[in-house]
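Written below as structure tokens is the structure these notes are about.
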Protein chains: 2
Amino acid sequence: MAMSERGPRERMVFSAAQLIRRDGVASTGMREVAVHASAPRGSLQHYFPGGKEQLVNEAVGWAGRYAAGRVGRFLAALPEPTPSRLFAQMVRQWTDEYETAGFAGGCPVAAATVDCAESTGSTREAAAAAFAAWTGPVSEALVDMGVPRERAGALATLMISTLEGAILMARAERDVRALTTVAGELGPLLDSAVDKAL
Amino acid sequence: MAMSERGPRERMVFSAAQLIRRDGVASTGMREVAVHASAPRGSLQHYFPGGKEQLVNEAVGWAGRYAAGRVGRFLAALPEPTPSRLFAQMVRQWTDEYETAGFAGGCPVAAATVDCAESTGSTREAAAAAFAAWTGPVSEALVDMGVPRERAGALATLMISTLEGAILMARAERDVRALTTVAGELGPLLDSAVDKAL
DNA sequence: CTTCCACTATGACCACGGTCATAATAGCGG
DNA sequence: CCGCTATTATGACCGTGGTCATAGTGGAAG
């Protein structure tokens with residue numbers, strides 16, 4: 001959330017991600033992005049000659065890298081990491097946001113997928129890349145915790161799928177219930193995948 | 001998928017759901033809905049005086065009832081229903097569609113949530129109602145299979161969350177991998193919840 | 001036949017928004 | 001001071017799309 005003193009270009013990408021996750025891609029205007037980023041409107045065509053499509057794609061890419069980076073920080077915060085604890089942290093990020101800041105925003109990658117998967121090929125690819133960038137570190141983390149390599153990827157996909165779906169339900173219901181529920185139900189399964197021999 | 005010979009009003013609601021799940025709410029035009037439904041444009045304001053918001057809300061409601069109805073048909077098709085088999089059927093509906101018809105469409109309820117959760121209160125409520133209408137039968141089915149009542153609701157939420165997320169990933173990747181993966185990974189957990197005493 | 005209502009037809013209005021054209025400014029090296 | 005490039009400023013264009021106003025049609029009841 002720290003809008004550090006980066007250049008206007010980065011601020012616009014960041015702001016685009018923020019607005020997209022709130023209103024969706026189609027409902028987010030470029031002028032709106034510039035205003036939100038306190039960036040000059042003229043910079044839009046200068047930094048993003050590819051137009052809205054380019055800006056959206058970069059915002060999605062940013063979101064993917066952000067999610068991937070969070071995984072590392074979650075692990076660093078866990079004294080004894082286990083799969084269920086990692087998942088709990090991932091879920092907690094959302095429950096915390098929803099409880100303190102309201103249910104305004106969802107996942108920007110999900111928004112891009114819903115709005116552009118069929119219409120804009122490059123954005124669909126950006127979303128797929130973002131999911132991959134996110135799944136990778138989660139899978140690696142599971143391996144480090146003792147989950148067999150051949151299973152880790154599948155469990156990472158399961159974790160992210162479940163989280164994304166729970167985010168949707170939580171936003172619709174304006175209640176973190178779905179998030180806390182899936183964290184509790186999925187935890188034991190995740191931990192049971194740890195190879196006890198290690 | 002059977003666009004039976006219903007009245008133009010129903011056809012428009014149905015078509016709205018179809019187009020929404022493909023392009024999202026914001027990118028779906030009312031004129032487009034009328035054309036897709038082979039309905040006269042003038043009927044829009046006649047049947048939906050509440051405008052686009054009303055049409056979208058009814059489409060979301062329709063989707064919720066449709067999903068709820070599918071649950072019953074899935075159960076009827078299963079000789080020996082188990083939680084994992086029900087979930088496999090729910091997933092299979094999507095893999096079948098994606099493999100035969102392509103990855104054009106997602107879940108209309110998810111689309112409505114992403115596009116309207118923050119901007120349009122009534123649509124957000126419609127989405128929540130749709131999720132509830134869907135979760136109910138799933139939960140009931142789990143109870144019938146021997147899952148303790150106090151656990152069934154949570155598992156139903158888990159199933160639908162996971163499915164929704166996997167749909168998103170599958171569409172982004174244009175690959176059913178995420179869907180088949182979550183079906184395989186979640187199955188054992190679901191079955192382990194049935195009370196063995198029954 | 002006429003009256004009335006449900007339904008359809010159609011054009012216009014207006015706001016929004018992505019994009020483009022065209023310039024102005026601002027440092028900065030020469 | 002002179003270009004030169006990077007950036008910013010603005011206004012205009014034009015398609016899209018939701019909504020409204022107004023009128024036409026058609027069948028059924030009286």
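The chains referred to below are lettered A, B, ... by the order of the sequence lines, with proteins before strands, and numbering in each begins at 1.
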Select base, sugar-phosphate, or nothing to describe what Q45(B) touches, counting heavy atoms under 4.0 Å on all strands.
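Base, at least one base atom sits under 4.0 Å.
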For atom [atom1] of [X] and atom [atom2] of [N], their distance in whole Å:
{"X": "L55(B)", "N": "dT19(D)", "atom1": "CG", "atom2": "C1'", "value": "14 Å"}
{"X": "D23(B)", "N": "dG17(D)", "atom1": "CG", "atom2": "C1'", "value": "14 Å"}
{"X": "H46(A)", "N": "dA23(C)", "atom1": "NE2", "atom2": "P", "value": "18 Å"}
{"X": "Y47(B)", "N": "dA9(C)", "atom1": "OH", "atom2": "C1'", "value": "14 Å"}
{"X": "Q54(A)", "N": "dT19(C)", "atom1": "CD", "atom2": "P", "value": "10 Å"}
{"X": "L44(A)", "N": "dA6(D)", "atom1": "CG", "atom2": "C1'", "value": "16 Å"}
{"X": "K52(A)", "N": "dC16(C)", "atom1": "NZ", "atom2": "C1'", "value": "11 Å"}
{"X": "D115(A)", "N": "dG18(C)", "atom1": "CG", "atom2": "P", "value": "13 Å"}

Answer yes or no: does a side-chain N or O of S43(B) lie under 4.0 Å from OP1 or OP2 of dC7(C)?
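No.
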To the nearest 10 degrees, how far apart in direction are the end axes of the helix from dC1(C)-dG30(D) to dG30(C)-dC1(D), each fit to five base pairs?
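Both end axes considered, the difference amounts to 10°.
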Atom pair CG (L186(A)) and CZ (F87(A)), whose distance is rounded to the nearest 0.5 Å:
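It is 5.0 Å, given to the nearest 0.5 Å.
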Could you tell me the separation between the NZ atom of K52(A) and the CG atom of L44(A), rounded to the nearest 0.5 Å?
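Output value for this atom pair is 11.5 Å.
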I need the minimum non-hydrogen distance between W94(B) and G105(B), along with the two atoms involved.
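Closest heavy-atom pair between W94(B) and G105(B): CZ3-O, 4.0 Å.
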Which nucleotide sits closest to the side chain of R41(B): dT10(D), dG17(C), dT10(C)?
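Looking only at heavy atoms from C-beta outward on R41(B), the closest nucleotide is dT10(C).
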Taking the minimum atom-to-atom distance to the side chain of R31(B), which one of dT8(D), dG17(D), dT19(C) wins?
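Nearest to the side-chain atoms of R31(B), counting from C-beta on, is dG17(D).
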Does a salt bridge link E32(B) with R22(B), judged by any charged N lying under 4.0 Å from a carboxylate O?
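Salt bridge: no.
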Tell me which pairs pass side chain to side chain donor-acceptor pair (under 3.5 Å) where either residue lies in residues 150-167 of chain B, with sequence neighbours left out.
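As it turns out, the side chain to side chain donor-acceptor pair (under 3.5 Å) pairs with a partner in residues 150-167 of chain B, which skip direct neighbours, are T162(A)-T162(B), R177(A)-T157(B), E185(A)-R151(B).
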Answer with yes or no whether the hydrophobic clustering places I20(A) together with L168(A); edges join I, L, V, M, F, W, Y residues whose side-chain heavy atoms lie under 4.5 Å apart.
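Each belongs to a different hydrophobic cluster.
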Closer to the 5' end of DNA chain D via nearest nucleotide, is it P49(B) or P8(A)?
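Closer to the 5' end of DNA chain D: P8(A).
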Quick one: list whatever passes salt bridge (Lys or Arg N to Asp or Glu O under 4.0 Å) with R92(A), sequence neighbours left out.
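For R92(A) the salt bridge (Lys or Arg N to Asp or Glu O under 4.0 Å) partners, ignoring immediate neighbours, are D96(A).
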